[in-house]
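Remember, it's a predicted structure, so these values are computed and weren't measured experimentally. Throughout, numbering of the chain's residues begins at 1 and tracks the sequence. Because only heavy atoms are used, hydrogens play no part in the values below, and waters and symmetry mates are left out as well, while side chains stay in. In listed order, ligands and their atoms are each counted from 1.
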Amino acid sequence: MSNQNLFVALRDAFPADLDRTAVETDNGLSYSWRDLDRATAMVANLLDSLDLPPASRIAVQVEKSVEAMVLYLATLRAGHVFLPLNTAYQSGEIEYFIGNAEPAVVVCSPKNHGWVSKIAFTAGTQYVFTLGDDRTGSLLERAAHHSDRHTPAVRKDDDLAAILYTSGTTGRSKGAMLTHGNMRSNALMLRDYWQWQKDDVLIHALPIFHVHGLFVAIHGALINGSKMIWLSKFDPKLAISKFPEATVFMGVPTLYVRMLAEPSLTKAQAAHMRLFISGSAPLLIETFTEWQQRTGHTILERYGMSETVMLTSNPCGEDPRYPGQTERRGGTVGFPLPGVTLRVMEDDGKAVAPGEIGGIQVKGPNVFKGYWRMPEKTAEEFTADGFFRTGDVGKVDDRGYVTIVGRSKDLIISGGYNVYPAEIEGYINDMPGVAESAVIGVPHPDFGEVGVAVIITKPGVTVDPDQVIAELKAKLANFKIPKRCVVVAELPRNTMGKVQKNLLREQYKGSFA
Ligand code: MCA
Ligand code: AMP
């Protein structure tokens, strides 16, 4: 694999006829491949005109739009590092990310310009632009004065392309550094593994501030020169209505659960589709089975991480490494992808017996460069022989299928978003009257899993659970807010005095049955 700027690999795959439609939006706009090339050139020229240090971070917190995707592609084209931020993050969270990543440029939604620019300039950011989801804002105004031709910056495989913040069990988020090589190798491999066809059309219904929507979906379509039907926000009825014009859909399990609740989801309506992919969170076997019965399609479940992009996938036709195994098996995340080495290990570093459960470790060209400015933390997460510890617990069966059975990291995945109990507990424990708290994940029919906060108060003090929730809502992204908050006299502890979250999960698992 020669060294190549990821943008060049994507643009090389554009169809010969650049006037064909590349993106069609749900509000009636369409963008040709030529539009994408010209728009990314103009924004890349704007970035070049700022004389930024090489590999500057470009932090972006904007609503989903085609122009936001153009900004991502232009950042690659200009050779800088894209840092997408969840639109639900509030000022405390943004302050941390900007302080940690020290971006040279911040692009924010016009409505947030006031508080974001204050945080950015205080942190030393040189430029703050705005970008609305309706093609307004200073970024496009400034880019309009620049040429629509641009020679992409030369980038090597090991050069940074993006930083994705993902927390660990210990509170603050870590910036996962993904290189041009990580993402290009994964995109090219998935193009072949998921058998992207010439006339495939992708329905893009995911946010574009995480790996699934920003890399797996967008790279998947672009590296195959495939049109995208672009939904600004997931709506089950709208997504289903697009099936007759499309062939590929990618979603987190919640999207499938919500579409199954729609009477318009029928076999006939899904007949034109070729491939439904699910990931980011466990797909319940009930959802997998119901989807198969309702639509005649067998969802392809795959497994990935911010640190590794895609790791495993159920088959999409014949996988020569597993002859005759074309079955997509519900409840599994399929085979390690070509180029990915996956092993299941005991805590003491020995491999488990075949079929046994242990910690999943991986190696491959898709595995990230490390955590931004956290070399010690990075070193902890890699073994001496170079495998990345995913923090996931699983097994590989005798047919080679990988099953994820749990996580050793304290993590809740809610509607496909990661929620880190340690971060929420930190905020609750700082509240007056709170002695200690534990946030656990419990099953939820829509989001799959949601947080429940269990609190013990200081002696003689009463704490109002609703007040706790209200205070959290003022500080944290909405998807992180526990869906239930209870005050109890004591928390179950093991002999070491450690809170036994497994007992709490058992006790509160019926909260949203
Ligand atoms: C919204 N709410 C949530 C969530 N989303 N609560 C818990 N978990 C969530 N994920 C709450 C809001 O706070 C709000 O509550 C109420 O639900 C409705 O808010 P709204 O924004 O309208 O929610 P929605 O539109 O219904 O969003 C649900 C969603 C969204 C469409 C499932 O969460 C989504 O797009 N998830 C996809 C996440 C994703 O892209 N994951 C990929 C990560 P209130 O009114 O009280 O504020 S990448 C990854 O994991 C790896 C690499 C991989 O393998 O892909
Ligand atoms: P993130 O770091 O946000 O990319 O989340 C990655 C985590 O999501 C993985 O470590 C897994 O715990 C989880 N995950 C991703 N895909 C799946 C899947 N198909 N089934 C179960 N968990 C998954």
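- Using a 4.0 Å cutoff on heavy atoms, Ile404 counts as a contact of ligand 2.
- Between Lys174 and Glu380, no side-chain nitrogen of the basic residue sits less than 4.0 Å from a carboxylate oxygen of the acidic one, so the salt-bridge criterion is not met.
- Ring centers of Phe288 and Phe276: at least 6.0 Å apart, outside the cut-off.
- Neither the backbone nor the side chain of Ser278 comes within 4.0 Å of ligand 2, counting heavy atoms alone.
- Taking a cut-off of under 4.0 Å to the non-hydrogen atoms of Thr166, the atoms of ligand 2 that pass are 2 (O).
- The closest donor-acceptor contact from the side chain of Arg274 to the backbone of Asp200 lies at 3.5 Å or more, if one exists at all.
- Using a cutoff of 4.0 Å between basic side-chain nitrogens and carboxylate oxygens, Asp319 and Arg321 are scored as salt-bridged.
- With respect to Lys409 and Glu307, no salt bridge is recorded, no charged nitrogen being found less than 4.0 Å from a carboxylate O.
- Below 30°, between 30° and 60°, or above 60°: for Phe368 and Tyr371 the angle between ring planes is above 60°, a perpendicular geometry.
- For the pair Arg343 and Phe387, the distance from NZ or CZ to the six-membered ring centre is under 6.0 Å and the angle to the ring normal is within 45 degrees.
- Looking at Pro282 against ligand 2, both its backbone and its side chain come within 4.0 Å, counting heavy atoms.
- A salt bridge is defined here as a Lys NZ or Arg NE, NH1 or NH2 lying under 4.0 Å from an Asp or Glu carboxylate O, and Glu262 with Arg258 fails to meet this definition.
- Here Leu283 has no heavy atoms under 4.0 Å from ligand 2, in either its backbone or its side chain.
- Close contacts between ligand 2 and Arg407 involve ligand atoms 12 (O) [criterion: under 4.0 Å to a heavy atom].
- The distance criterion of under 3.5 Å between nitrogen or oxygen atoms is not met by Thr390 with respect to ligand 2.
- A centroid separation of 6.0 Å or more is found between the aromatic rings of Phe215 and Phe82.
- Within 4.0 Å of ligand 1, heavy atoms belong to protein residues Leu206, Pro207, His210, Val211, His212, Lys233, Val252, Thr254, Leu255, Arg258, Ser280, Arg302, Gly304, Met305, Ser306, Met310, Ser414, Gly415, Gly416, Tyr417, Phe447, Lys473, Asn478, Phe479, Lys483.
- For ligand 2, the polar-atom distance check against Lys409 finds a nitrogen or oxygen pair separated by under 3.5 Å.
- Contact annotation: Arg302 has at least one heavy atom less than 4.0 Å from an atom of ligand 2.
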Pairs of donor and acceptor atoms involving the side chains of residues 330-340, under 3.5 Å and at least two apart or interchain, shall be tabulated with distances.
unit_1	atom_1	unit_2	atom_2	d
Thr332	OG1	Asn314	OD1	3.4
Thr332	OG1	Arg329	O	2.9
Thr332	OG1	Gly334	N	3.2

